[in-house]
**Q** 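I'd like to ask some things about the structure below.
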Amino acid sequence: MYKSKILGLGKYVPDNIVTNNDLTKYMDTNDQWIRERTGIEQRRWAVPGDGNTTATMGVKAAKIALERARLSPKDIDFIVFATLSPDYYFPGSGVLVQEMLGCDTIGALDIRNQCSGFVYALATADQFIKTGMYKNILVIGSELQSTGLDLSTRGRGVAVLFGDGAGALVLSRSNDDSDILSNHLHSEGKLAKELSVLAPGALNPPNKLVEDWDPEDLSYYPYMNGNFVFKHAVTRFPEAIMEGLNAVNLTPQDIDLLVPHQANLRISQFVQRKLNMRDEQIMNNIQKYGNTTAASIPIAMTEAWEAGRIKRGDLVVTAAFGSGFTWGSNIIRF
Ligand code: COA
């Protein structure tokens, strides 16, 4: 078995900043409610005409990751792209990245695991490196969520949470002690509808939505049972982290940096208290970007690396929970 190493990290977010106060133009909400419940102060939302799509943002993040890895698109053997907001219903966004970056006709795989998408994507890429099938894999998480939100007061419980952006990393065969030490992935499909967008889908195709037009049918907007999701998240995050650490005989005190999916600052603080970790062991940037779903971990990891909070040899742990429900962790010797 080969080992895997993160060679380069990159991120991209749209220029347009939307503060909590800006949201009051659309809906009955306020800065205090959003800050107290979620920690979010602002998010980035693409604006029509700025060229940002899930694929183009992914490409911008990937170019930075490639440059830092000192690799060119021709060196990449495979693309793993995680998103819940693909440019098209099909094909997936990975193939668009293959074209835009000018990679050879390499394989491109889309991962549909929402907030856990990047944890699943990294675990998937790791398997291809470990078996020796590929040497350099581009792993991308990217989301354009602002175009799919209900911006009326009816949708405020969800709309205020989400932001746009992308993060990427290059995972390569390691020739030193760097490695992904463990991956743990879970799902519980009986709770699929507690956090979901049900249409369009093969059960709710566009023609049915148009023909049976029902103004009360909101199945094309994200639905979230907020309290229920919160309660599961604060259980599953620590569980996934401990499962990963136990598998490699390490403890929360050994972690140099925990990079959790940025779902809610209160969830991160809960996890921190539960695992008895110090402030400097946790990366939080939800204040600036909101919840960017599959992009949140690579954006946060990139910012942490840029700020010198991740160095070679560090133990970096990711964990995520989200729609599915799905959850998981990666334990990384950086
Ligand atoms: N602005 C102002 N008021 C709002 C609001 C908003 N944006 N959204 C909801 N409210 C209101 C509700 O209508 C409700 O009013 P009521 O008591 O008069 O009915 C009140 O605030 C409380 O709503 P509730 O949903 O119970 O709030 P909460 O304390 O559970 O916080 C979340 C809501 C979404 C912040 C919280 O449930 C959460 O973080 N859940 C998990 C989210 C998550 O992580 N999702 C992604 C999965 S990875």
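Counting starts at 1 for both ligands and their atoms, following the listed order.
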**Q** Is a side-chain donor-acceptor pair under 3.5 Å present for Tyr120 with Gln114?
**A** no
**Q** Using protein heavy atoms only, decide if any is under 4.0 Å from atom 44 (O) of ligand 1.
**A** yes
**Q** Do Asp126 and Asn183 meet the criterion of a side-chain donor-acceptor pair at a distance under 3.5 Å?
**A** yes
**Q** Parallel, tilted or perpendicular: which describes the rings of Phe78 and Tyr134, with under 30° parallel and over 60° perpendicular?
**A** parallel
**Q** Taking only heavy atoms of Gly157 into account, list the atoms of ligand 1 that are under 4.0 Å away from them.
**A** 8 (N), 34 (C)
**Q** Just need the protein heavy atom nearest to atom 48 (S) of ligand 1, so name the residue and atom and give the distance.
**A** Phe321 O, 3.0 Å
**Q** Mind checking whether His186 and Trp327 have parallel, tilted or perpendicular rings, split at 30° and 60°?
**A** parallel
**Q** When you look for heavy atoms under 4.0 Å from ligand 1, do you find them on the side chain of Met27, its backbone, both, or neither?
**A** neither
**Q** Does His261 reach ligand 1, in the sense of a heavy atom lying below 4.0 Å from it?
**A** yes
**Q** Closest non-hydrogen protein atom to atom 15 (O) of ligand 1, residue and atom name please, with distance?
**A** Arg156 NH2, 4.4 Å
**Q** Taking the minimum heavy-atom distance to atom 35 (C) of ligand 1, which of Asn30, Thr24, Thr38 ranks first?
**A** Thr38
**Q** Which protein non-hydrogen atom lies closest to atom 34 (C) of ligand 1, naming both residue and atom, and how far is it?
**A** Met224 CE, 3.7 Å
**Q** For the hydrophobic clusters of this structure (ILVMFWY residues joined by side-chain heavy atoms under 4.5 Å, transitively), does one cluster hold both Phe128 and Val170?
**A** no
**Q** Starting from atom 27 (O) of ligand 1, locate the nearest protein heavy atom and write down its residue, its atom name and how far away it is, to 0.1 Å.
**A** Arg37 NE, 3.7 Å
**Q** Which atoms of ligand 1 sit under 4.0 Å from any heavy atom of Ile267?
**A** 44 (O)
**Q** Are a donor atom and an acceptor atom from the side chains of Thr251 and Asp254 found within less than 3.5 Å of each other?
**A** yes
**Q** Is there a salt bridge (Lys or Arg N to Asp or Glu O under 4.0 Å) between Lys5 and Asp176? Walk through the geometry before answering.
**A** CA-CA 9 Å; Lys5 176 176 188 166; Asp176 54 30; 2.5 Å; yes
**Q** Answer side chain, backbone, both or neither: which part of Leu195 comes under 4.0 Å from ligand 1, heavy atoms only.
**A** side chain
**Q** Is Leu144 linked to Val197 within one hydrophobic cluster, defined over Ile, Leu, Val, Met, Phe, Trp and Tyr using a side-chain heavy-atom separation of less than 4.5 Å?
**A** no
**Q** In terms of residue, atom name and distance, what is the protein heavy atom nearest to atom 33 (C) of ligand 1?
**A** Trp33 CH2, 3.8 Å
**Q** Within a distance of under 4.0 Å, is there any protein heavy atom near atom 29 (O) of ligand 1?
**A** yes
**Q** Nearest heavy atom to atom 6 (C) of ligand 1 wins, so pick from Asn227, Val229, Thr29.
**A** Thr29
**Q** Which ligand 1 atoms, with their elements, are less than 4.0 angstrom from a heavy-atom of Ala263?
**A** 44 (O), 48 (S)
**Q** Look at atom 39 (O) of ligand 1 and say which protein heavy atom is nearest, naming residue and atom and giving the distance to 0.1 Å.
**A** Asn264 ND2, 2.5 Å
**Q** Distance under 4.0 Å to a non-hydrogen atom of Val160: what atoms of ligand 1 satisfy this?
**A** 7 (N)
**Q** Considering only protein heavy atoms, determine whether one is less than 4.0 Å from atom 3 (N) of ligand 1.
**A** yes
**Q** Under a 4.0 angstrom heavy-atom cut-off, which atoms of ligand 1 come close to Cys115?
**A** 48 (S)
**Q** Give the numbers and elements of all ligand 1 atoms closer than 4.0 Å to a heavy atom of Asn291.
**A** 46 (C)
**Q** Ring of Phe321, cation from Arg236 - is the NZ or CZ under 6.0 Å from the centre and inside 45° of the axis?
**A** no
**Q** Distance below 4.0 Å between atom 19 (O) of ligand 1 and any protein heavy atom?
**A** no
**Q** Give the intermediate values and the outcome of salt bridge (Lys or Arg N to Asp or Glu O under 4.0 Å) for residues Glu239 and Lys274.
**A** CA-CA 10 Å; Glu239 219 175 79; Lys274 176 122 184 187; over 6 Å; no
**Q** Provide, to 0.1 Å, the distance between atom 40 (N) of ligand 1 and the closest protein heavy atom, together with that atom's residue and name.
**A** Gly226 O, 3.0 Å
**Q** Test Glu303 against Lys11 for salt bridge (Lys or Arg N to Asp or Glu O under 4.0 Å), laying out the working first.
**A** CA-CA 8 Å; Glu303 283 204 349; Lys11 75 164 217 292; 3.5 Å; yes
**Q** Consider every N or O of Arg266 and every N or O of ligand 1, then say whether any pair is closer than 3.5 Å.
**A** no
**Q** Side chains of Asn20 and Gln32: do they bring a donor and an acceptor to under 3.5 Å?
**A** no
**Q** Report yes or no: do Asp22 and Thr19 form a side-chain donor-acceptor pair below 3.5 Å?
**A** yes
**Q** Would a single hydrophobic cluster contain both Leu257 and Leu181, if residues Ile, Leu, Val, Met, Phe, Trp and Tyr are joined by side-chain heavy-atom contacts under 4.5 Å?
**A** no
